[in-house]
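Below you'll find the structure, written out as structure tokens, and then a few comments.
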2 protein chains.
Amino acid sequence: MAVTERATETQSAYLLVRRAILAGELLPGQRLVEKELSERFGVGRAAIRTALARLEQEGLVESEPFRGARVRTIGEAEAVEILEARAALEALAAHHAAQKATPEQVEALWAIHRQMEERHRGGDLLGMSELNSLLHRTLVEISGHQTAARLIEGLRAQGVRHQFHTILVPGRPQQSLEEHRRIIAAVAAHQPEEAEAAMKAHLGGVIAALKRIGRSTL
Amino acid sequence: MAVTERATETQSAYLLVRRAILAGELLPGQRLVEKELSERFGVGRAAIRTALARLEQEGLVESEPFRGARVRTIGEAEAVEILEARAALEALAAHHAAQKATPEQVEALWAIHRQMEERHRGGDLLGMSELNSLLHRTLVEISGHQTAARLIEGLRAQGVRHQFHTILVPGRPQQSLEEHRRIIAAVAAHQPEEAEAAMKAHLGGVIAALKRIGRSTL
DNA sequence: ATCGCACGGATTGTTGACAATGTGGTTGAC
DNA sequence: GTCAACCACATTGTCAACAATCCGTGCGAT
């Protein structure tokens, strides 16, 4: 990815607000007052304005006329929906990846997986979570399916908060490693159907973990 | 859909430009000069500006800094990608619909299907195409899966131009009717897996038709 | 003739001010 | 004490002017 050489203010406003939401600096339900954001990020109100419009289209923000915007709150039911949609699209991507992956790309996937095992042994759950994202992103990239990539990226952004918690379910990291292994093996063996099924099973596991959390925190 | 009682200008600008693109009044590749659109639709430039930002996020428009926006051109390869993504998501929707559909909703689907057969006998291909859209939309609505619904709507908008042509392939309408019948039957019988498979097969058929067109117009 | 380069028109990006709208608190009647 | 109408404030929506940038054109040098 090239350097952001000369970003127009509107673009940086979009990226800044987006990052702040994803990083949790702007919490769900929180009001997004244009003037506040404008001062906080040092960009004009117009820039903030179009950034919010784009973020609303993306589903990260909701707004009503004359009443302003706020960070969209995503409940458990919707988090499940998001994961289901991701499962469908990432399964498609896995299918394509299994058809196109070169030996180098497969090796890159295994490398990430080995790092995950390492972090797991070290008890570094946060590191595992980041590598998990990287693994999925790499797989999508290998697939070359730009349409799926765009949609998945949007869904991932919406689900960040929930997705992170699933790894805390007892036994989940181990299971996740196993599921990933199956996906990578299918991609390496150029078996699209198996890769697709493995990806669905994997995200099905994540959904199950998410629902388990929901039951425990009732 | 409720009445657009007191639309803020920005909202109407978005809807107006979007409709113009989908209706083909603004052609792919065409430059979208803000001042022109502003005068044409009788709204301020600011409104056009945020409308274009939203449409870009939606994938209907592409723009470069200081160089303006244009209607995004979607080639055959991307049209296939779009249909593949739709297949994955609508299969998910069909799965849910098969679990939830009430007898009344199933009857509504059959009613649409009967109308399609009628149009087919009358040789009204355009009418068939519209009913086809309605059928898919109804199925998504029945599924109650709002996340999938949102994504599918965006994909449908991007694919309009190509999707329309597929019905012109010889024998395609007949085949389409048969595929639809299988989908509805599965939903009626509350067989999620079969409904999912039937939907994938159906959109697979559309993809095949699209590729057939591509070969013939080389 | 070709290439580099500056200039001018067209268009977008940004700014500030103003109008329209929602919100919350206050007042007054009953 | 309760309720409705009103009023000031905060915030968003809209507008017009200005600055920044791109693109084509013509000029001059080689």
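A, B, ... follow the sequence lines: proteins, then strands. Residue 1 opens every chain. These figures come from a predicted structure and were not determined experimentally.
- Following rounding to the nearest Å, B/Arg31 (CZ) and C/dT11 (C1') show an atom-to-atom distance of 7 Å.
- Rounded to whole angstrom, the span from the CD atom of A/Glu39 across to the C1' atom of D/dA10 amounts to 13 Å.
- Rounded to a whole Å, the CD atom of A/Gln11 is 14 Å from the C1' atom of C/dT14.
- Spacing between atom CZ of B/Arg49 and atom P of C/dT14 amounts to 7 Å, rounded to whole angstrom units.
- Applying the 4.0 Å criterion to OP1 and OP2 of C/dT21, one finds that A/Arg67 has every side-chain N and O outside that range.
- When the P atom of D/dC9 is taken as reference, atom NZ of A/Lys35 falls 14 Å away, rounded to whole Å.
- If you find the closest nucleotide of DNA chain C to A/Arg45 and to A/Thr10, the one lying nearer the 5' end belongs to A/Thr10.
- Put simply, the side chain of A/His190 gets close to the backbone of A/Ala98: a donor and an acceptor are under 3.5 Å apart.
- Picking from D/dC22, C/dT14, D/dC15 the nucleotide with the shortest atom distance to the side chain of B/Phe66 gives D/dC22.
- Minimum atom distance to the side chain of A/Ala46 is reached by C/dT15, of the listed D/dT14, C/dT15, C/dT14.
- If you take CD of B/Glu34 and P of D/dA16, they are 15 Å apart, rounded to a whole angstrom.
- If you check every strand for non-hydrogen atoms under 4.0 Å, B/Leu32 touches sugar and phosphate atoms only.
- With a 4.5 Å cut-off on side-chain heavy atoms, B/Glu78 and B/Gln158 count as touching.
- A distance-only check finds a donor-acceptor pair linking the side chain of B/Ser143 to the backbone of B/Val140 [under 3.5 Å].
- Atom CD in B/Glu64 sits about 13 Å away from atom C1' in D/dC23, given to the nearest Å.
- The distance between atom CG of B/Leu52 and atom C1' of C/dG13, rounded to the nearest whole Å, is 13 Å.
- Residues A/Glu84 and B/His96 meet the side-chain proximity criterion, which asks for heavy atoms closer than 4.5 Å.
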